[in-house]
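Read the structure below first, then the notes.
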2 protein chains.
Amino acid sequence: MSWEEVFRNYLDDKDIRILKLLNQDANISDAKLGKLVGLSKTAVRLRRVKLQNSGILKIVGVVVLQNLGIPYADLLVKLKNDIVLREQFINKLIANDLVYEVTEYMGDWDLLIRLFHNNIAKLKDESLKIISDKAVQDYRISYVVKTYKAWGKSILSSI
Amino acid sequence: MSWEEVFRNYLDDKDIRILKLLNQDANISDAKLGKLVGLSKTAVRLRRVKLQNSGILKIVGVVVLQNLGIPYADLLVKLKNDIVLREQFINKLIANDLVYEVTEYMGDWDLLIRLFHNNIAKLKDESLKIISDKAVQDYRISYVVKTYKAWGKSILSSI
DNA sequence: ATTGAAAAGATCAGAGA
DNA sequence: TCTCTGATCTTTTCAAT
């Protein structure tokens, strides 16, 4: 079962190929994309811009923390049943520069929070600071050893 | 406490500014970066390429699953203490197109696996298939409701 | 889809620290 | 030795047709 087979429900083959090629190499030009996909560069351009405007495709400059040697950790958090507190807490997380990711779950845990810091001691301090918020009911900390794959692609080999 | 203060231990000010600007907008040109940072476009280019070659910076075309309406989930997995089984399992995950992320932890859980599929039923099937591997000792499934922030930036507003 | 002007990308020899 | 600069040439982008 592949990428294409899932995305086929949402996009046509040419859009899927464009996404796949841009996932492999975000700097590929519209002209090259066109040759590979079988469209004029103008047509590719229109499709690409449409995908970007709809938020399906994002070209992102990502700092790979593990290649810098910066330690990071994931917090699993269970929140109290207070919508206002919950919203304030999430907004605080989004505004916090040291928070790399915030994902909401349905299930035992409410949030996954990924954060980073200079060293493990500071990482723990920041984690404790975050979970001391009154919106938090329970939590678990997991320190990251290594990320093998991210954004749908292996990040160990190649660019 | 900010981005810059953490990265200062690893990079100089100009590299940090380049990373930050590219994180905000991956399509900014070397010339504009140069004006903002105070370098010629050639100098910016050299720094950017160096950051990319060292794996610290990646410019990635990302498919934003939630903007496509594709459901995804995180599996927390505890592995058995068998190095060979463990390695085979991780390699299988990396090769699996439906697996979006694989992160290794130190702690109660060994792996975070993020995967996606057409619908929740298939997502569950694929999850069960993955955790039926003989390397797996225990697991938890968390379905994702929403991702607020990723790659160090809010993904709800803006590009 | 084609065109043309403006912008960006890529390369290089030489300056400067 | 390492980094920056400015000149030059190629390619891409982008809007108009």
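Throughout, a chain's letter reflects where its sequence line sits, starting with A, and its residues are numbered from 1.
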Could you give the side-chain donor-acceptor pairs of residues 99-112 of chain A under 3.5 Å, partners two or more places apart or in another chain?
residue, atom, partner, partner atom, Å
Y100(A), OH, V63(A), O, 2.7
E101(A), OE2, T103(A), OG1, 2.9
E101(A), OE2, R114(B), NH1, 3.0
E101(A), OE2, R114(B), NH2, 3.0
T103(A), OG1, T147(B), OG1, 3.2
E104(A), OE1, R86(A), NH2, 3.1
E104(A), OE1, Y148(B), OH, 2.5
E104(A), OE2, R86(A), NH2, 2.4
Y105(A), OH, D74(B), OD2, 2.3
D110(A), OD2, L79(A), N, 2.8

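- Contact check of residues 12-19 of chain B against DNA chain D (heavy atom, cut-off under 4.0 Å) returns no residues at all.
- Residue pairs meeting the side-chain hydrogen bond (donor to acceptor under 3.5 Å, both in side chains) criterion with at least one member in residues 32-47 of chain A, sequence neighbours excluded, are D12(A)-R47(A), D15(A)-R47(A).
- Without hydrogens or angle criteria, N23(B) side chain to G61(A) main chain gives a donor-acceptor distance under 3.5 Å.
- Between its opening and closing five pairs, the helix from dA1(C)-dT17(D) to dA17(C)-dT1(D) changes axis direction by 30°, a value rounded to 10 degrees.
- Contact check of residues 35-45 of chain A against DNA chain C (heavy atom, cut-off under 4.0 Å) returns S40(A), T42(A).
- Whole-Å rounding puts the N27(B) CG to dT12(D) C1' distance at 13 Å.
- A straight line from CZ of R47(B) to C1' of dC4(D) spans 9 Å, rounded to a whole angstrom.
- Between L93(A) atom CG and L98(A) atom CG the span is 11.5 Å, to the nearest 0.5 Å.
- Residues satisfying the salt bridge (Lys or Arg N to Asp or Glu O under 4.0 Å) test with R48(A), not counting sequence neighbours, are D30(A).
- Scanning DNA chain C 5' to 3' for nucleotides with an atom closer than 4.0 angstrom to a non-hydrogen atom of chain A gives a first and last hit of dA1(C) to dT2(C).
- Straight-line distance from the CG atom of D30(A) to the P atom of dT12(D): 9 Å, rounded to whole Å.
- Checked against salt bridge (Lys or Arg N to Asp or Glu O under 4.0 Å), E87(B) has no partners two or more places apart in sequence or in another chain.
- As rounded to whole Å, 17 Å separates atom C1' of dT3(D) from atom CZ of R48(B).
- For F116(B), the ring pair (Phe, Tyr, Trp, His ring centres under 6.0 Å) partners two or more places apart in sequence, or in a different chain, are F7(A).
- Using a 4.5 Å heavy-atom threshold, the side chains of V60(A) and I155(B) count as separate.
- For E4(B), the side chain to side chain donor-acceptor pair (under 3.5 Å) partners at least two apart in sequence or on another chain are S2(B).
- Q24(A) is not listed as a side-chain neighbour of K153(A), based on a closest heavy-atom distance of 4.5 Å or more.
- To the nearest 0.5 Å, the span separating CD1 on I130(B) from OH on Y139(B) amounts to 12.0 Å.
- Contacts classified as salt bridge (Lys or Arg N to Asp or Glu O under 4.0 Å) and involving residues 133-144 of chain A (residues at least two apart or in different chains) are given here: K92(A)-D133(A), D138(A)-R140(A).
- By the salt bridge (Lys or Arg N to Asp or Glu O under 4.0 Å) test, D13(B) is found to be paired with R8(B), residues two or more places apart in sequence or in another chain being considered.
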